[in-house]
Amino acid sequence: MTPKGQRDLSSIRLSRHAVERFVERFDVEPDEAEPRLREALRRTRRLGRNRDNGAVAALALHRGRVLVAVVQDDSCLTVLTWNQFEPRLPDFGRPRVPRKWGRALRRLADPPPKPDDDG
């Protein structure tokens, strides 16, 4: 179960381009790329939506590094590092870095909440 404000995108279709960019930009072995990318996409936070094409930017973490997945419909189109994505913030409806940036990253990094035993 994902915490409030986060989404689990681990079950979406991964394009070959997204997997290749993940290998290239996050120094992951090609045979490990898909499971590791799915693991990173298990906890994401929406950054914004591109009005022109309906693509959504989702923030995630991989080994403590910020990862931005660009998702359209039910497919992950590409994966960017934060430095690559930051100039594109306005394309996704954000004029600048989101407020409380550190807190958003900490919440993605924190262990997932345990389900209550009380029911």
Side-chain angles (χ1 to χ4, degrees):
M1 181 173 167
T2 56
K4 184 178 178 182
Q6 294 181 15
R7 294 189 171 113
D8 181 351
L9 298 177
S10 62
S11 62
I12 64 172
R13 187 181 83 73
L14 301 176
S15 70
R16 185 179 342 173
H17 178 80
V19 174
E20 289 172 355
R21 295 298 78 78
F22 184 64
V23 168
E24 173 186 310
R25 295 170 178 159
F26 290 89
D27 197 30
V28 177
E29 293 297 321
D31 56 332
E32 299 175 356
E34 188 172 334
R36 289 190 185 247
L37 181 54
R38 287 195 186 282
E39 181 182 332
L41 294 176
R42 196 161 276 130
R43 291 181 68 184
T44 64
R45 184 167 188 91
R46 182 180 162 148
L47 280 173
R49 181 176 176 271
N50 186 318
R51 289 180 153 199
D52 297 334
N53 60 17
V56 173
L59 180 70
L61 291 176
H62 172 69
R63 294 184 178 175
R65 289 183 59 199
V66 176
L67 172 149
V68 178
V70 178
V71 177
Q72 190 173 27
D73 299 323
D74 288 331
S75 297
C76 179
L77 303 179
T78 192
V79 174
L80 304 166
T81 63
W82 179 253
N83 291 339
Q84 292 170 320
F85 179 75
E86 192 173 17
R88 294 174 175 86
L89 276 169
D91 296 341
F92 286 85
R94 289 204 175 257
R96 58 186 167 275
V97 176
R99 289 182 63 229
K100 301 179 183 174
W101 179 246
R103 179 169 36 177
L105 294 178
R106 276 192 307 278
R107 286 182 176 171
L108 286 173
D110 285 345
K114 304 267 191 253
D116 292 338
D117 291 331
D118 297 340

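These numbers were taken from a predicted model, which means no experiment stands behind them. Every heavy atom of this structure was used, including side-chain atoms; hydrogens, water molecules and symmetry mates were not.
- With hydrogens and angles ignored, the 3.5 Å screen pairs a side-chain donor or acceptor of Arg43 with a backbone N or O of Arg107.
- For Arg106, the side-chain contact (heavy atoms from CB on, under 4.5 Å) partners are Arg103, not counting sequence neighbours.
- Here Leu108 contributes atom CG and Arg42 contributes atom CZ; the two are 14.0 Å apart, rounded to the nearest 0.5 Å.
- Transitive grouping of hydrophobic side chains (ILVMFWY, heavy atoms separated by less than 4.5 Å) keeps Val56 and Leu77 in distinct clusters.
- Qualifying side chain to side chain donor-acceptor pair (under 3.5 Å) partners for Glu34, counting only residues two or more places apart in sequence or in other chains: Arg38.
- The heavy-atom pair separating Arg45 from Ala104 by the smallest distance is CD-CB, 4.3 Å.
- Here the closest non-hydrogen pair linking Cys76 and Ala18 is O-CB, 3.6 Å.
- By the 4.5 Å side-chain criterion applied to Ile, Leu, Val, Met, Phe, Trp and Tyr, Ile12 is assigned to a cluster that also includes Leu9, Leu14, Val19, Phe22, Phe26, Val28, Leu37, Leu41, Leu67, Val71, Val79.
- In terms of heavy-atom proximity, Ala40 sits nearest to Ala60 at O-CB, 3.5 Å.
- Each side chain to side chain donor-acceptor pair (under 3.5 Å) pair with one or both residues in residues 22-33, not counting sequence neighbours, appears once here: Arg21-Glu24, Arg25-Gln84, Glu32-Arg36.
- Leu61 places a side-chain heavy atom less than 4.5 Å from the side chain of Val66.
- Here side chain to side chain donor-acceptor pair (under 3.5 Å) pairs that include residues 59-78, with residues two or more places apart or in two chains, are Arg13-Ser75, His17-Thr78.
- Scanning for ring pair (Phe, Tyr, Trp, His ring centres under 6.0 Å) contacts around Phe85 gives Trp82, Phe92, with sequence neighbours left out.
- Residues that satisfy the side-chain contact (heavy atoms from CB on, under 4.5 Å) test with Pro98, not counting sequence neighbours, are Leu47, Arg94, Trp101.
- Under the side chain to side chain donor-acceptor pair (under 3.5 Å) criterion, Asp8 pairs with Ser10, not counting sequence neighbours.
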